[in-house]
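We name chains A, B, ... by the order of the sequence lines, and we start the count at 1 in each one.
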2 protein chains.
Amino acid sequence: MSETPHAKLGFREIAAALRSEIVTGKYPTASVLPPEPELAERYGASRSLVNRAMSILAAEGLVRPRQGRGTMVTWLPPMIHSSARYSRATRERGGAKGAFDAEVLALGLQPEHEITVERAEPPAEIADALGVERGKVNCLVRRRRLLASGIPVRLNASWFPLSIAEQTVLEEPAPVIKGGVKSALAELGYQQVHAQERIIPSRLPSDAEARALEISPERTITDIVHTGQTADGRVVEVTTTLAPAHYLVIVHDFPLT
Amino acid sequence: MSETPHAKLGFREIAAALRSEIVTGKYPTASVLPPEPELAERYGASRSLVNRAMSILAAEGLVRPRQGRGTMVTWLPPMIHSSARYSRATRERGGAKGAFDAEVLALGLQPEHEITVERAEPPAEIADALGVERGKVNCLVRRRRLLASGIPVRLNASWFPLSIAEQTVLEEPAPVIKGGVKSALAELGYQQVHAQERIIPSRLPSDAEARALEISPERTITDIVHTGQTADGRVVEVTTTLAPAHYLVIVHDFPLT
DNA sequence: GAGTGGTCTAGACCACAGA
DNA sequence: CTGTGGTCTAGACCACTCG
């Protein structure tokens, strides 16, 4: 079958056409698009236009163009980030890691995890939240990078005061802590009873963040800062979650006063 | 003082330069930028480049270019959307409207409200949530559009089953309902005890949404769907909030089980 | 009519990846 | 070396707004 003839298209329309071909699966996630000159011919436009259309799709996160390598499809449906993930019932079913793996596998993609644990100096904001002195190496941080078939989809960092976490199970670089971090803290005598999530739906990434998530600098990200408090009001955990903006849906349940 | 000479800049760098001049106040919100040809000369680049830089800033929501009229600065700092807004204490201090007005005035801008009340057919999703039949005019909807010096920053729609809201205070097109919608519903015998917020941090607007918010089609928006339930589990209110993505920070407090 | 942004082309050169 | 995307220019024409 020959290519459908196209009326003269603008770059937004070229972007829309490609977008629809991507989300309907004609170009599956992790595949490579035809080269820009070929698309230019197909749409009867100059390469400049196709290139500008690609910029739009890259900023939306549907696509990741790379010099010399071609343009890879990075589209993924959003995954749910729910306050229910902090409930005991969810933890007992395998927690966040299990849910992530299942979601990614259901899309026919390969889940991967990278985890590092180190002692580090927290950013000022986090130091203040945890009530530790600024500018000192006084925290333990567990960092995770979650990928789907090589596409980074989450960047996590959990910060704990060293005074609490030093030489405990939290320092083990295991991908999962049995029962979850909150259970581990509870066993150490720091049972959390209250949490806050501060969500920045859309902001530009720093250069380091863009590199870690392998996104173009125009692509916005969602930033979630989760803090957990014990009954006496002490903050014992701050966890930040970064994700390319549209890879996320957030669901919160809460009682009304 | 003559213009600072510039080294040869790329379009991302031109965008960055303008971005920083905007957020530092050299070009204040609601002012108009110099014309593209002038900026091209200042940066020693072609107008094409400046135009592409403007596309980036428009997608970020910092500016709003308009044919024939020039490019207006639409930058605003994010405003907080908090679960605390649903508490009695907040309502008694004047509620969401008062908070919005105060925030906008503090920026030196003029708050404006548009409100319409009508009977309408809810979208299928909302009909299902409210437990009313699809495809029927069986709901009351209160729509609000909030602006800061003419820049639309929020689009609200609150849906109620007509069976509850018909010929009540909810049908009055007053900009504020005394004590808030939740109090009004409580007085009608529908006290809400539980709420859920479903947050889509970043999605593309429909054409109608882009028009109502006066944004470019590439500009992403945040979509919050709030549902309120009575003690017997009945959903009596669904409120959707749309905002250009970076005009928003969301804060949620919740107890841990 | 003059000035604004919106779009488009044709061609060019560069940086990078891979055979 | 070839082919990929990244960038850039000069010029053109169009649509829209406002005086």
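At least one side-chain heavy atom of Pro205(A) sits less than 4.5 Å from a side-chain heavy atom of Ile215(A).
Atom CG of Leu39(B) is separated from atom C1' of dG5(C) by 12 Å (rounded to the nearest Å). Distance Glu38(A) CD to dT2(D) C1': 16 Å, rounded to the nearest Å. Atom CD1 in Ile56(A) sits about 13 Å away from atom P in dG6(C), given to the nearest Å. Atom CD1 of Ile14(A) is separated from atom P of dT7(C) by 12 Å (rounded to the nearest Å). What separates CD of Glu41(A) from C1' of dG3(D) is a distance of 16 Å, to the nearest Å.
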Could you go through nucleotides 8-10 of chain D and list every protein N or O atom that sits under 3.5 Å from one of its N or O atoms, giving the distance for each pair?
from, atom 1, to, atom 2, distance (Å)
dC8(D), OP2, Phe11(B), N, 3.1
dT9(D), OP1, Lys8(B), NZ, 3.1
dT9(D), OP2, Ser46(B), N, 3.1
dT9(D), OP2, Ser46(B), OG, 2.9
dA10(D), N6, Ser48(B), OG, 3.2

Might you list the N or O atoms of the protein lying below 3.5 Å from N or O atoms in nucleotides 16-19 of chain C, with each pair's distance?
from, atom 1, to, atom 2, distance (Å)
dC16(C), O4', Gln67(A), OE1, 3.4

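Residues forming a side chain to side chain donor-acceptor pair (under 3.5 Å) with Thr74(A) (at least two apart in sequence, or on another chain): none. Considering only residues two or more places apart in sequence or on other chains, Glu114(B) meets the side-chain contact (heavy atoms from CB on, under 4.5 Å) condition with Arg145(B), Leu147(B). When the side chain to side chain donor-acceptor pair (under 3.5 Å) test is applied to Arg143(A), the partners found at least two apart in sequence or on another chain are Glu118(A). By the side chain to side chain donor-acceptor pair (under 3.5 Å) test, Arg47(B) is found to be paired with Glu36(B), residues two or more places apart in sequence or in another chain being considered. When the side-chain contact (heavy atoms from CB on, under 4.5 Å) test is applied to Val117(A), the partners found at least two apart in sequence or on another chain are Leu140(A), Arg142(A), Pro173(A). For Pro78(A), the side-chain contact (heavy atoms from CB on, under 4.5 Å) partners two or more places apart in sequence, or in a different chain, are Val249(A). The side-chain contact (heavy atoms from CB on, under 4.5 Å) check on Ser48(B) picks up Ser46(B), with sequence neighbours excluded. With sequence neighbours left out, the side chain to side chain donor-acceptor pair (under 3.5 Å) criterion links Arg219(B) to His246(B).
OP1 and OP2 of dG5(C) both lie 4.0 Å or more from every side-chain N or O belonging to Asn51(B).
Considering CZ of Arg211(B) and CG of Leu213(B), their distance stands at 11.5 Å, rounded to 0.5 Å.
Contact check of residues 59-66 of chain A against DNA chain D (heavy atom, cut-off under 4.0 Å) returns Pro65(A), Arg66(A).
Counting only residues at least two apart or on different chains, the side-chain hydrogen bond (donor to acceptor under 3.5 Å, both in side chains) pairs with a member in residues 59-73 of chain B are Arg19(B)-Glu60(B).
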